[in-house]
There are 2 protein chains.
Amino acid sequence: MKQSKAPVLSYQEFLSEQHVSLESFCEELVGSNRTRIQIKNEKRATQNMLRIVKAVMTLSQRKGFQGMSLRDLSQKTELSMGALYNYFSSKEELFEMVYLQGRQSVQRVMQNNARDSDPETRLNRSICAHLYMSEVLPQMFSFFFMEARNLPRRSQKNIIDLEKVTEGFFEQILQDGIKEKRFRIQQPALLSGAIKALLQDWYLKRYKFSGKKISVEQYAAFVIDLVSRSLE
Amino acid sequence: MKQSKAPVLSYQEFLSEQHVSLESFCEELVGSNRTRIQIKNEKRATQNMLRIVKAVMTLSQRKGFQGMSLRDLSQKTELSMGALYNYFSSKEELFEMVYLQGRQSVQRVMQNNARDSDPETRLNRSICAHLYMSEVLPQMFSFFFMEARNLPRRSQKNIIDLEKVTEGFFEQILQDGIKEKRFRIQQPALLSGAIKALLQDWYLKRYKFSGKKISVEQYAAFVIDLVSRSLE
DNA sequence: GTCTATACATAGATAGAC
DNA sequence: GTCTATCTATGTATAGAC
């Protein structure tokens, strides 16, 4: 294996450009659902929503969203059952709100990082951006992955799987690279799926990497190296 | 990308050597839990257990094991609630029985396929074996992955994560290859994790591959190619 | 806006007839 | 061995006091 070099986008650079955080996520979440949420005071609404989202992530990780009762949620947030229902009108709606807002955030950040003209740079930047985003919000990415099946079957038409969004990004870049004769690959769909699988491993098995003292930049370099060997 | 060649172990070869099936899995499951299961007639016990396991896999896929009620299970298996409780004494025990038996089956098949002297052959055979096994029992592998967090916290000492078992297999082979100076890699742990992530993608996103008409042997060749490029 | 108290449905589990 | 009927705990959701 080649000695890993520093990735095209550093973690610090990413953080200063994108402002990804659970706090800003909850601001957007409240903004997008202004009519549903019955609390007028926006600041208060955001603060409590942050506690709710944090608690959902923590509790779901252990038992799954289905296994998390609203009594659990009430206890963890220190909000009463009655209070909770001012922020959503059903458990299912709570899930949908978080999921849809999450998908939008991911899309936005990915688009912001896919603007280079050179396909190789664009590919590597996108890999970094996705890893860094999931480094900031690991519980949220893990939540989306594990709980996607809870999406309501109704209105499924409008609900595009978040996975497909991510994978589609990478496949598009690979196809651009093929057109421009920069990449020589026969099955871009397989390779984009492989990239996505490697990115998922980062947030799904976080304990494993932290135990081995692998930093997110090291992992980014590893993935980029692995992928680039397939492009030759 | 190189033109993919036929993998070192064909799917047909694997099937004729290993006899992996849901039926034999349930036979073993009944055998391992002879004292718990209150049905004397072994054939009947196995048949009904097969219906139970099938139903658990199907229902869990949609709502998760937690979200599956025993009434759902009763309906799907066409066994009454009372009848079900002759096969397990609690929902949690049902989960544990299936999980532990599954881990044992995976271990056995992996060991049967890791006997070659040459590390490269051993690595490639193991990749094939794991993919083929998950091709036969995709719902079961998916179930283990998604529901592993439901394992009871008590007695966790004895409960080794199935993931670690699989990943450990690959890491051992990589380290053997390094010792014998056949592989030149610096971080076998990262690469074995990557292999595992690629294998997981096969059974977690099965619909995706079948939609694109990718066969399990094609995918095996793809993974082996990707990995071998990292060993050079 | 938040709380307590409570309604109502559904969960897991069991007893006893057949 | 299997079924029906039922127990008790817990779940989601709401009403009304403060």
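It should be emphasised that the depicted structure is a prediction, and the values quoted were computed from it without experimental measurement. Chain letters run A, B, ... following the sequence lines, proteins first, then strands; residues in each count from 1.
- Cation-pi geometry between A/Lys91 and A/Phe65 is satisfied (NZ or CZ under 6.0 Å from the ring centre, within 45° of the ring normal).
- Atom CG in A/Leu79 sits about 16 Å away from atom P in D/dT12, given to the nearest Å.
- A cation-pi arrangement is not found for A/Lys164 relative to A/Phe169, the charged atom failing to lie both closer than 6.0 Å to the ring centre and inside a 45° cone about the ring normal.
- For CD of A/Glu23, the number of neighbouring non-hydrogen atoms (other residues, nucleotides, ligands) closer than 6.0 Å is greater than 12.
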Close N/O contacts between protein and nucleotides 14-18 of chain D (under 3.5 Å):
none

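- Ring-centre distance between A/Phe143 and A/Phe95: below the 6.0 Å cut-off.
- The CG atom of A/Leu84 sits 11 Å away from the C1' atom of D/dA13 (whole-angstrom rounding).
- Between the C1' atom of C/dA11 and the CG atom of B/Leu59 lies a distance of 15 Å, rounded to the nearest Å.
- A heavy atom lying under 4.0 Å from DNA chain C marks the following residues of residues 65-78 of chain B, by number: B/Met68, B/Ser69, B/Leu70, B/Arg71.
- Comment: A/Glu163 does not engage B/Lys208 in a salt bridge, judged by the lack of any side-chain N to carboxylate O separation of less than 4.0 angstrom.
- Contact annotation: A/Asn86 does not reach the phosphate of C/dC3 (side-chain N/O to OP1 or OP2, under 4.0 Å).
- Among D/dT12, D/dT2, C/dC3, the nucleotide with an atom closest to any side-chain atom of A/Lys91 is D/dT12.
- Taking the six-membered ring where tryptophan is involved, the planes of B/His130 and B/Phe141 are perpendicular, since the angle between them exceeds 60° and thus also 30°.
- Nucleic acid contact for A/Tyr87: sugar-phosphate only, since backbone atoms but no base atoms lie under 4.0 Å from a heavy atom of the residue.
- Rounding to whole angstrom units, CD of residue A/Gln47 and P of C/dT2 are separated by 10 Å.
- Taking the side chain of B/Ser80 as heavy atoms from C-beta on, and the options D/dA13, C/dC3, D/dT4, the nearest nucleotide is D/dT4.
- Checked against D/dA13, C/dT2, C/dA13, the side chain of A/Ser90 finds its nearest nucleotide in D/dA13.
- Classified by interplanar angle (parallel below 30°, tilted 30° to 60°, perpendicular above 60°), the ring pair B/Tyr132/B/Tyr11 is tilted.
- The side chain to side chain contact (heavy atoms under 4.5 Å, CB included) search around B/Gln18 returns B/Phe14, B/Val20, B/Val109, B/Asn112, B/Asn113, not counting sequence neighbours.
- A/Phe25 and A/His19 have their aromatic ring centers separated by at least 6.0 angstrom.
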